[in-house]
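First up is the structure itself, then whatever we jot down about it.
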Amino acid sequence: MYRRLFASLTDCAVMLLDTDGRFTAWNHGAELIKGYTADEIAGEHFSILYPPEAVVAGHPDNELALARASGRYEEEGWRVRKDGTRFWGHVVIVAMYSSDGSLEGYGKFTRDLTERMQSEQQAANTLALLRATAETDSLTGASTRRALDAALGECIRAARPFCVALFDLDHFKQVNDEFGHAAGDNLLRRVSGVWRGGLRAGDLLARYGGEEFVLLLADCQLSQGVTIAERLRRSTPAPCKCSAGVAVWSPGMTPDDLM
């Protein structure tokens, strides 16, 4: 019954190893997943199925040592097929002992989870893209109100002084009226690009609405915040000008108080 079960499993590679980690048995599932026949793999060390960098690091031998110490070792990681391609495997190694307690060898079980791993990675990439879309203004490349609100909350929880600067482009409506909304959009993109290029690491520029922008300056005192805001105001590309105001947070103030 056990031999038939061993032979019939095709979605799981079932292998037996001697005490040195060399293959003594290899089911049809192992042949399908890894590409070697039982005759080809007999006597080979099981490290043949590991990426070169894992072999150099001694990972296969470490797995056997852990299985020998605790009776079982389990992990997910990259493995290598006969043709050199890699797959993401779920691996379990079980130490097998005789009735007198001496080590007889190991049982090794591997399932190919490459499709699951790729699906999870694709889902993670999609989620990251959605998050980036939700947190970045599509017109100007600045952060959104949503991202600003989250960053403000983090600064308040950190309870360290920080500054908020509000920038309002002067007479922006005249640009739209005289040259059209496309020209106004281009000007907003130019302004945002110039301002974002002048920020410190960790500062956040968000489009607050229309032609208004908010600059969040973490770990910043009022005098420094005014200096930074003035530098950005003076860098505003012509023919546009802007007005700016700066506030520093103190304990008890809400985001609305700062605005």
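Quick note: residue numbers are just sequence positions, from 1.
A salt bridge between R86 and E53 is present, with a side-chain N of the basic residue lying under 4.0 Å from a carboxylate O of the acidic one. Salt bridge status for D219 with R200: absent, with no side-chain N to carboxylate O gap under 4.0 Å. Salt bridge annotation for E63-R79: present, with a cationic side-chain nitrogen under 4.0 angstrom from a carboxylate oxygen.
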### Query
Could you walk me through whether T85 and D83 pass the side-chain hydrogen bond (donor to acceptor under 3.5 Å, both in side chains) check?
CA-CA 6 Å; T85 59; D83 63 5; 2.6 Å; yes
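To the nearest 0.5 angstrom, L215 atom CG is 9.0 Å from C163 atom SG. Within the model, atoms CG of L166 and CG of D168 stand 6.5 Å from one another, a figure rounded to the nearest 0.5 Å. Once rounded to the nearest 0.5 Å, the distance linking CZ of F87 with CH2 of W78 reads 10.0 Å.
The aromatic rings of W195 and F167 are tilted relative to each other, their planes meeting at an angle between 30° and 60°.
The backbone N or O of Y208 sits less than 3.5 Å from a side-chain atom of R145, completing a donor-acceptor pair.
For W26 and E31, the side-chain atoms include no donor-acceptor pair closer than 3.5 Å. Checking D100 against S98 by side-chain atom types alone, a donor-acceptor pair falls below 3.5 Å. If you check the side chains of R196 and S192, you find a donor sitting under 3.5 Å from an acceptor.
Applying the side chain to side chain donor-acceptor pair (under 3.5 Å) test to N186 and every residue at least two apart in sequence or in another chain returns R189.
You'll find the side chain of M15 reaches within 4.5 Å of the side chain of K34, heavy atoms only. For the pair L32/D112, no side-chain contact is recorded, criterion being any heavy-atom separation below 4.5 Å from C-beta on.
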